[in-house]
Amino acid sequence: MIDKFSDVNSKSFVNYYCHESLAKINIFFGMNGSGKSGLTQWIESKDPVSTRVFSTEYVIQNIKVDELAGINGVKITIGEQKVNFALQVEDIESANKNIEQTIVELGSQQEDLKGELFNLIETELKRAKESFKGIRINQKNYAKTDPISALKSWRQDIKPNLTSSANTSLTELNAKKSSLTNEISNLTSVLSNNMTLERFEKLNLALSKSVTIPDEEFTSELLRWLEEGVELHKLEQEEENHEKTCEFCGNSFDSSFVKSIVDKKINTEYSKLIQAIDRFEQQLPLSEVLVNIKTKLDKKILDHFNDAIKVIKKFLSEKRSNPMLNICIDEQTLNNLFALDIAIQDRKRELIDELGEVEKALSNQENLAKHQVAQNLQNIPRVLELETLITKYDTRINKEKVAVSDNKQQIRTWSEQTDDYAPFKEIVNQELAQLGLEFKLQLLESGQGYRIEHLNTEIDMTVEDLSEGERRLLAFIHFYYDLFENITENSGKLDPIIEAIVIDDPITSFDADNRILLIERINSVIKRINNENIQIFIFTHSSFDFHSFGYNVGNNKKRWRINKNLQGESKITPISEEELKNFSDYYKSAFLELADFALLTNSELSEKLNAYHYGNKMRVVLESNARSNYNIENVTSKVVPTLIEYYKVDEELQDKFSEAVNLINSFSHGRSYYDEHINFVTPKTMRNAVRVIIKVLFNRDSYHVSLITNDKIKKRNIKEWN
């Protein structure tokens with residue numbers, strides 16, 4: 001143990017020495033920055049191996065935000081190991097091997113039956129293909145691997161009202177389909193797409209116009225030659241240097257001058273007419289094309305079409321010879337020209353309709369073939385027998401698989417129960433449930449740590465989702481149980497290597513309920529250490545926590561204050577008993593919450609599952625009131641008569657008041673290490689106890705109670721609380 005602070009050199013402590021001797025239990029108060037962390041480090045440095053320290057660093061190291069790392073495991077034993085699961089696990093694993101072998105054998109037998117069923121289906125399919133030659137009938141998908149599904153699919157092809165087609169063989173139908181398909185493919189329009197009535201109207205306009213023949217007569221060949229020359233010599237491009245070399249003769253020429261002469265020749269009205277006539281003649285159908293039209297078209301339509309072509313070519317030839325002529329292609333000639341394409345399209349539609357009837361007949365034959373396969377399968381007894389057997393095998397195999405799965409789950413459960421890290425998980429989860437928190441611990445796959453899991457399995461949750469207060473609470477529970485080698489129902493065995501415990505500012509961002517829980521946790525550690533050769537140091541910046549730590553743990557404790565002098569150096573001074581009577585707490589806020597709780601109706605109480613929190617708050621309020629008004633430092637069962645006297649409790653209320661005080665005291669201080677999570681009181685019982693104590697306070701000082709609760713508690717409420 002450390003007897004005195006001597007030669008302390010850590011942060012703001014400089015060669016510090018304190019004459020006062022340390023106690024077994026030492027509780028320090030200091031504002032933030034006063035030197036608490038420096039003193040913590042110095043104490044730990046004295047013997048790091050045998051010193052256990054709870055601090056912010058402990059939270060970071062053991063409650064990891066990285067979910068892969070999880071929360072560090074705590075090895076702990078709860079009571080005696082009542083059941084040894086090793087033999088049972090071994091037996092189940094052996095049984096699983098036998099079951100899995102049985103599954104393999106059943107699967108093999110089932111595959112043989114599936115193969116037999118597939119062969120029967122395949123045989124009927126081959127027979128149908130022989131009977132319906134020319135009809136393509138396919139086997140059902142995955143028939144070999146799943147013949148049961150294939151059989152069900154074949155049954156859907158049974159058509160009771162299906163009848164055979166007319167007396168036409170499949171060979172004839174297929175031949176006719178081929179013939180019609182070929183004929184339709186040969187029926188294409190004779191005229192090109194740009195041979196429209198609008199085109200002929202423009203042609204007639206050109207033919208009817210008199211065009212003067214130039215001095216130089218240009219054939220279409222000459223005009224094309226000139227255009228090609230312009231392109232070859234790139235005369236269309238504008239260039240500063242107009243001198244070019246002729247690609248034909250090799251002589252030089254002025255490109256600009258030659259271009260102007262060629263343009264005049266090419267762009268004359270006569271030249272354009274000749275070019276238009278040539279293009280039109282080239283786009284007219286050739287006589288060889290017409291010969292290839294092998295169809296049942298009216299011969300008159302073909303003859304009239306040929307006559308129309310001859311007339312048009314004759315007109316074009318006459319116009320070329322004499323551009324001055326006024327020529328017009330008559331309407332009847334144009335009608336005869338377009339009538340052939342119209343007839344071709346009409347015939348094509350007839351053939352398509354006829355082809356549709358043939359395909360319909362073929363489809364009917366296909367359906368008839370499928371119907372025959374399905375009907376024959378339905379009439380084979382072995383097929384129906386195999387279907388039943390294969391299905392029964394599925395049922396047996398599935399039952400065996402469920403048995404294996406259940407056995408594996410049982411093995412996991414037993415393995416987890418015998419895991420060194422599982423007991424801590426169970427204790428913590430029960431405590432988290434008591435606190436009403438919506439998460440729990442689950443063992444990692446490694447079995448040596450924990451992960452966070454939300455109570456609602458549909459919500460993903462990690463350590464990162466916990467609030468700072470929840471992490472710190474979880475960390476202290478972790479620290480608390482990590483001090484023990486084992487915990488039984490009545491006691492706990494601390495790790496014998498521990499000689500000092502340091503708790504550095506354990507409460508930083510807790511609400512009032514978690515604060516009370518943590519104070520009680522620390523006080524339970526202090527009580528336990530009274531019987532061990534272990535020294536404890538607690539540091540806090542909270543005046544309320546400072547006075548609450550070490551509550552009712554005997555006289556072997558000292559309280560100290562850490563502060564800094566004008567030079568910024570830390571020093572430590574003991575605090576006298578008289579000085580300890582002066583402190584602030586959460587009196588008003590706790591009283592307000594108690595008022596709300598006391599005013600709840602019976603139906604509203606159903607939502608208040610964690611009623612013991614209000615017992616903690618009631619103790620804080622009653623002790624604070626008694627300490628401030630009557631110099632009663634601790635409200636215990638021993639001082640109940642004094643409380644009754646000082647608060648002038650009515651005779652009919654004295655027994656209820658005594659019971660209420662004993663209830664909040666036993667609930668706040670009476671929890672054991674292992675069973676403290678199972679202490680429970682009904683919300684109604686706790687509310688009635690709170691009402692009794694508030695009623696006593698109100699009767700003694702109604703103005704104070706009304707003021708401190710913001711006038712929530714009224715005289716009529718007090719009268720109603722019997």
Side-chain angles (χ1 to χ4, degrees), residues 436 510-517 544 547-548 583-637 639-668 680-722:
F510 279 94
D511 56 20
D513 293 337
N514 286 337
R515 177 180 295 275
I516 293 297
L517 172 69
F544 174 75
H547 287 79
S548 298
F583 72 103
S584 60
D585 55 31
Y586 296 93
Y587 180 82
K588 183 176 178 68
S589 61
F591 214 140
L592 285 170
E593 289 188 44
L594 287 166
D596 290 334
F597 179 65
L599 292 170
L600 290 177
T601 64
N602 289 340
S603 61
E604 291 170 334
L605 278 173
S606 61
E607 298 178 2
K608 297 292 180 182
L609 300 178
N610 299 316
Y612 76 86
H613 293 318
Y614 296 93
N616 294 328
K617 295 178 188 297
M618 192 70 257
R619 176 180 63 81
V620 171
V621 168
L622 182 57
E623 283 189 346
S624 299
N625 191 285
R627 189 179 286 125
S628 300
N629 290 286
Y630 306 113
N631 203 26
I632 299 175
E633 186 173 350
N634 295 312
V635 174
T636 63
S637 58
V639 300
V640 169
T642 305
L643 292 172
I644 290 174
E645 178 185 353
Y646 287 0
Y647 282 96
K648 301 186 184 305
V649 181
D650 294 337
E651 185 174 350
E652 68 272 18
L653 198 59
Q654 290 179 5
D655 289 341
K656 290 183 178 180
F657 176 74
S658 179
E659 291 172 0
V661 172
N662 288 333
L663 174 64
I664 64 172
N665 276 330
S666 64
F667 213 70
S668 296
F680 185 76
V681 64
T682 64
K684 184 177 180 181
T685 300
M686 182 57 72
R687 183 205 61 184
N688 291 344
V690 169
R691 282 182 172 181
V692 168
I693 296 174
I694 291 179
K695 188 171 185 177
V696 168
L697 296 177
F698 187 94
N699 290 339
R700 187 71 178 101
D701 191 347
S702 60
Y703 178 78
H704 170 73
V705 174
S706 298
L707 182 67
I708 206 71
T709 63
N710 296 335
D711 206 32
K712 287 184 178 182
I713 303 298
K714 302 181 184 299
K715 192 171 184 177
R716 58 179 176 80
N717 301 126
I718 299 301
K719 288 182 178 179
E720 293 171 358
W721 294 347
N722 295 321

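- Here the CZ-NZ distance, from Phe698 to Lys715, works out to 7.0 Å after rounding to the nearest 0.5 Å.
- Between the CD1 atom of Ile718 and the CG atom of Leu697 there is a distance of 9.0 Å, given to the nearest 0.5 Å.
- A donor atom on one side chain and an acceptor atom on the other are found under 3.5 Å apart for Tyr647 and Asn625.
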### Check against side-chain contact (heavy atoms from CB on, under 4.5 Å), Arg619 and Val635
CA-CA 8 Å; Arg619 176 180 63 81; Val635 174; 5.7 Å; no
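- A donor-acceptor pair is defined here as one N or O able to donate and one able to accept, closer than 3.5 Å; such a pair exists between the side chain of Gln654 and the backbone of Val649.
- To the nearest 0.5 Å, atoms CG (Leu622) and CE (Met618) are separated by 5.5 Å.
- Here the CZ-CE distance, from Phe597 to Met686, works out to 7.0 Å after rounding to the nearest 0.5 Å.
- In this structure, Glu720 CD and Lys714 NZ are separated by 12.0 Å, a value rounded to the nearest 0.5 Å.
- With rounding to the nearest 0.5 angstrom, the CD atom of Glu623 is 7.0 Å from the CG atom of Asn665.
- Applying the side-chain contact (heavy atoms from CB on, under 4.5 Å) test to Ala660 and every residue at least two apart in sequence or in another chain returns Ala689, Val692, Ile693.
- Closest heavy-atom contact between Ile708 and Leu592: O-CD2, 3.6 Å.
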### Message
Using the rule given for side-chain contact (heavy atoms from CB on, under 4.5 Å), can you reason through Tyr630 versus Thr642, listing the C-alpha separation, both sets of side-chain angles and the distance that settles it, and then say yes or no?
### Response
CA-CA 10 Å; Tyr630 306 113; Thr642 305; over 6 Å; no
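- At distances below 3.5 Å, at least one donor-acceptor pair connects side-chain atoms of Ser624 with backbone N or O atoms of Val620.
- Between the side chain of Arg691 and the backbone N or O of Ala598 there is at least one donor-acceptor pair closer than 3.5 Å.
- The shortest non-hydrogen separation linking Asp596 to Lys712 is OD1-NZ, 2.8 Å.
- Within 6.0 Å of the CD atom in Glu651, the count of heavy atoms belonging to other residues, nucleotides or ligands does not exceed 12.
- In this structure, Asp650 contributes its side chain and Leu653 its backbone to no donor-acceptor pair below 3.5 Å.
- For Lys684, the side-chain contact (heavy atoms from CB on, under 4.5 Å) test picks out Asn602, Leu605, Thr682, Arg687, Asn688, with sequence neighbours left out.
- You'll find the side chain of Val696 stays beyond 4.5 Å of the side chain of Leu643, heavy atoms only.
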### Task
Start with the C-alpha distance between Ile713 and Trp721, add both sets of side-chain angles, then the distance that settles side-chain contact (heavy atoms from CB on, under 4.5 Å), and finish with yes or no.
CA-CA 11 Å; Ile713 303 298; Trp721 294 347; 3.7 Å; yes
